[in-house]
Amino acid sequence: MASFMDKVDVDSISLDTPIRSDKMPRWERKLLASANKINCTSTRATPCKTPASKGDRFIANRGSLNVDRANRALTHEAAADAENGASNQQTPSNDETSDASEYRSELSSTLLAGAANDDKILAFKHKAPAPEESHQNNLRVLYSATRGKSSSESVSRRRVARHIAQTPERILDAPGIVEDYYLNLLDWSKDNVLAIALDKTIYLWDASNGDITELTTLDGATDYVTSLQWVKSGSGAHLAVGTNSAAVQLWDVTRQKQLREMRGHQGRVTSLSWNKHMLSSGARDGLVLNHDVRVAQHLTSTYTGHTQEVCGLAWSNDGATLASGGNDNLLLLWDARQGVAGGAAGGAVAPAHRLTAHQAAVKALAWCPWQANLLVSGAGTADRHLRFWNSSTGACVNSIDTGSQVCAVQWSRHQRELVSSHGFSQNQLCVWSYPTLAKVTELYGHSQRVLHMAQSPDGQTVCSVSPDETLRFWKIWSAESGSKKRAPAPTSGARSLNHMNIR
């Protein structure tokens with residue numbers, strides 16, 4: 001103790017001065033550490049959700065990245081430079097050089113699976129492998145990209161922008177019309193006279209002046225009109241009438257006189273179609289009879305092919321082919337030359353084409369005015385399709401599901417369009433563009449299915465009739481400039497045509 005005191009200068013020690021030490025106090029160390037941490041954090045780049053104006057960081061898709069390939073591609077150039085430097089110091093023999101080159105080529109093809117040297121190092125994605133030929137993807141319709149053909153189809157079936165009046169030009173009452181899908185009770189002559197059958201009576205409405213004429217009323221408690229059609233050639237003043245009593249009558253409307261009655265069917269006559277002086281009739285007995293109205297022995301041939309009621313008949317515009325539709329879901333095409341070969345005895349003739357695509361009664365039939373061999377057919381509730389046929393080959397060239405029963409169809413004479421009438425549940429008229437089958441518009445107004453349609457001689461107006469007992473006139477198309485004239489307006493003394501009774 002004494003020795004320690006001798007070495008320390010007691011007088012130099014002061015209690016007022018702080019005790020100094022070489023080791024930094026703990027509180028100073030914590031303060032310095034926190035200051036350093038703040039400085040380091042402030043120098044870091046803070047991530048920003050909004051991309052910088054000069055670009056954003058590149059983040060590779062590591063899930064589709066081949067790390068081995070990328071590593072080899074990145075180090076290949078450095079390794080090549082190293083080899084070149086070593087070769088300057090020691091030049092190998094030609095055999096050693098070829099062996100090394102062959103080894104590197106073999107190693108590259110094995111490790112990289114034969115990939116080319118210009119393959120991308122960083123890849124966003126790889127193309128999906130092609131499926132097996134037998135693989136069927138049931139979700140392709142729902143989850144396929146709209147490119148290629150699917151895109152063209154989606155674009156082609158968009159609605160066509162063209163204004164069509166959504167309300168009829170005029171409405172006529174038609175009380176007592178028979179509600180029967182298989183009948184054909186409406187037709188419009190080339191002389192601008194509309195004929196309609198209301199139960200037993202046939203009425204004529206002159207669209208030029210609004211006059212209404214009662215042509216005839218059938219006798220018999222159970223007899224009623226089941227079909228009618230104007231002659232297409234000649235004066236246009238002759239009307240063919242089919243009845244429930246299996247008779248076919250021919251009327252001169254100018255003189256309001258029946259010219260003749262033709263027999264041959266065993267059931268009601270539900271469809272008629274003219275081909276110059278030849279009149280074809282289809283009936284519930286499943287037969288199609290061809291009548292030459294100029295001679296006493298009118299029956300020239302019989303078309304046998306349907307097993308049930310024939311509810312649709314239509315001769316082509318050139319008179320070469322007859323289309324018949326029946327309640328047996330069949331659409332049959334008949335060659336006119338075979339009908340002539342049947343002879344005056346009414347020999348049976350087989351159809352040229354038997355088309356079975358429809359799944360319901362085929363009633364709606366119409367031939368295209370600008371393509372001679374194009375036929376459209378429409379069927380009932382179980383089918384709902386419009387189908388387009390090449391009558392030369394019997395091939396179906398197009399079709400569309402309309403969503404409801406097809407009752408009638410008419411082609412436009414001025415535009416590449418057609419109109420179809422439908423039943424439950426909308427009871428509407430649909431205008432379609434052809435060949436895209438884009439829906440141009442839909443016309444509503446009838447409260448029940450639209451069973452019959454007829455087109456005006458100028459091709460601008462379509463008349464529709466329904467069991468709701470109304471006739472509605474729709475202005476759908478416009479005539480080509482200078483090619484057609486409008487029907488004359490009603491005279492001042494004519495009755496109002498906005499809403500009147502056909503009787």
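One-based numbering along the sequence shown.
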For residues Asn317 and Pro369, report the shortest heavy-atom separation together with the two atoms involved. ND2-CA, 3.6 Å

Out of curiosity, Leu186 CG to Leu194 CG, how far, rounded to the nearest 0.5 Å? 5.0 Å

Gln266 CD to Arg284 CZ distance, which is reported to the nearest 0.5 Å: 13.5 Å

Show your working on side-chain hydrogen bond (donor to acceptor under 3.5 Å, both in side chains) between Asp223 and Asn244 and close with a plain yes or no. CA-CA 5 Å; Asp223 203 7; Asn244 188 53; 5.0 Å; no

Where Ser324 and Leu313 come nearest, the two heavy atoms and their spacing: CB-CD2, 3.5 Å

For the pair Cys407 and Val450, evaluate side chain to side chain contact (heavy atoms under 4.5 Å, CB included) and give the outcome as yes or no after the intermediate values. CA-CA 7 Å; Cys407 302; Val450 187; 5.6 Å; no

Please confirm whether the backbone N or O of Val193 pairs with a side-chain atom of Asp191, one donor and one acceptor, at under 3.5 Å? no

Salt bridge (charged side-chain N to carboxylate O under 4.0 Å, His left out), that's the test. Do Asp401 and Arg384 meet it? Break it down for me. CA-CA 6 Å; Asp401 188 347; Arg384 308 184 306 273; 3.1 Å; yes

For the aromatic rings, using the six-membered ring if either is Trp, is the centroid distance between Trp432 and Phe388 under 6.0 Å? no

Using 0.5 Å steps for rounding, measure from the OG atom of Ser391 to the CD atom of Gln371. 9.0 Å

Determine, step by step, whether Asn327 and Gln308 satisfy the side-chain hydrogen bond (donor to acceptor under 3.5 Å, both in side chains) criterion, reporting the C-alpha distance in whole Å, the side-chain angles of both residues, the deciding distance to 0.1 Å, and the verdict. CA-CA 6 Å; Asn327 193 32; Gln308 296 187 39; 3.0 Å; yes

Would you say that Leu331 contacts Leu365 through its side chain, given a criterion of any heavy-atom pair below 4.5 Å between the two side chains? yes

Interatomic distance, Glu261 atom CD to Leu250 atom CG [nearest 0.5 angstrom]: 11.0 Å

Examine distances only and state if a side-chain atom of Arg472 and a backbone atom of Tyr444 form a donor-acceptor pair shorter than 3.5 Å. no

Any chance you could lay out the side-chain hydrogen bond (donor to acceptor under 3.5 Å, both in side chains) test for Asp458 and Ser456, step after step, and finish with the verdict? CA-CA 5 Å; Asp458 63 4; Ser456 62; 2.5 Å; yes

Identify the two heavy atoms, one from Ser301 and one from Val349, that lie closest to each other, and give their separation to 0.1 Å. CB-CG2, 4.4 Å

Approximate separation, where rounding is to 0.5 Å, of Leu332 CG and Arg354 CZ: 6.0 Å

Can you name the nearest heavy-atom pair linking Tyr224 to Leu183, along with the distance? CE1-CD1, 4.2 Å

Worked verdict on Trp477 versus Val419 for side chain to side chain contact (heavy atoms under 4.5 Å, CB included): CA-CA 10 Å; Trp477 298 296; Val419 59; 3.6 Å; yes

Min side-chain heavy-atom separation Val293-Met262 under 4.5 Å: yes

Determine whether a donor-acceptor pair (N or O, by modelled atom type, separation under 3.5 Å) exists between the side chain of Arg413 and the backbone of Pro457. yes

Could you tell me how the ring of Trp411 sits relative to the ring of Tyr434: parallel (under 30°), tilted (30 to 60°) or perpendicular (over 60°)? perpendicular

Should Thr216 and Gln258 count as side-chain neighbours, where that means a heavy-atom distance under 4.5 Å? no

Under a 3.5 Å distance rule, please check whether Asp318 uses its side chain to pair with a backbone N or O of Ala372 as donor and acceptor. no

Please lay out, stage by stage, how Asp292 and Met278 fare under the test side chain to side chain contact (heavy atoms under 4.5 Å, CB included). CA-CA 5 Å; Asp292 187 343; Met278 299 293 298; 3.8 Å; yes

Would a distance-only check, ignoring hydrogens and angles, find a side-chain to backbone donor-acceptor pair under 3.5 Å from Asn184 to His452? no

Between Tyr181 and Val406 the two heavy atoms that sit nearest each other are OH-O, 2.8 Å

Donor-acceptor side-chain pairing of Ser280 and Trp315 below 3.5 angstrom: yes

Going by the angle between their ring planes, with limits at 30° and 60°, are His291 and His265 parallel, tilted or perpendicular? perpendicular

I'd like to know if the side chain of Thr441 reaches the main chain of Val431, judged simply by a donor and an acceptor atom lying under 3.5 Å from each other, with no hydrogens or angles considered. no

Can you measure from CD1 (Ile400) to CZ (Arg387) and round to the nearest 0.5 angstrom? 11.5 Å

Between Ser227 (side chain only) and Leu272 (backbone N and O only), is there a donor and an acceptor less than 3.5 Å apart? no

Leu451 backbone acceptor or donor facing Lys363 side chain under 3.5 Å: yes

Under 3.5 Å: donor-acceptor pair, side chain of Thr226, backbone of Gly242: yes

Trp274 and Gln229 have their tightest heavy-atom pair at N-OE1, 3.0 Å

Would you confirm whether Ser271, through its side chain, and Val310, through its main-chain N or O, come within 3.5 Å as a donor-acceptor pair? yes

Determine, stepwise, if the pair Asn373 / Thr393 fulfils side chain to side chain contact (heavy atoms under 4.5 Å, CB included). CA-CA 9 Å; Asn373 62 345; Thr393 62; over 6 Å; no

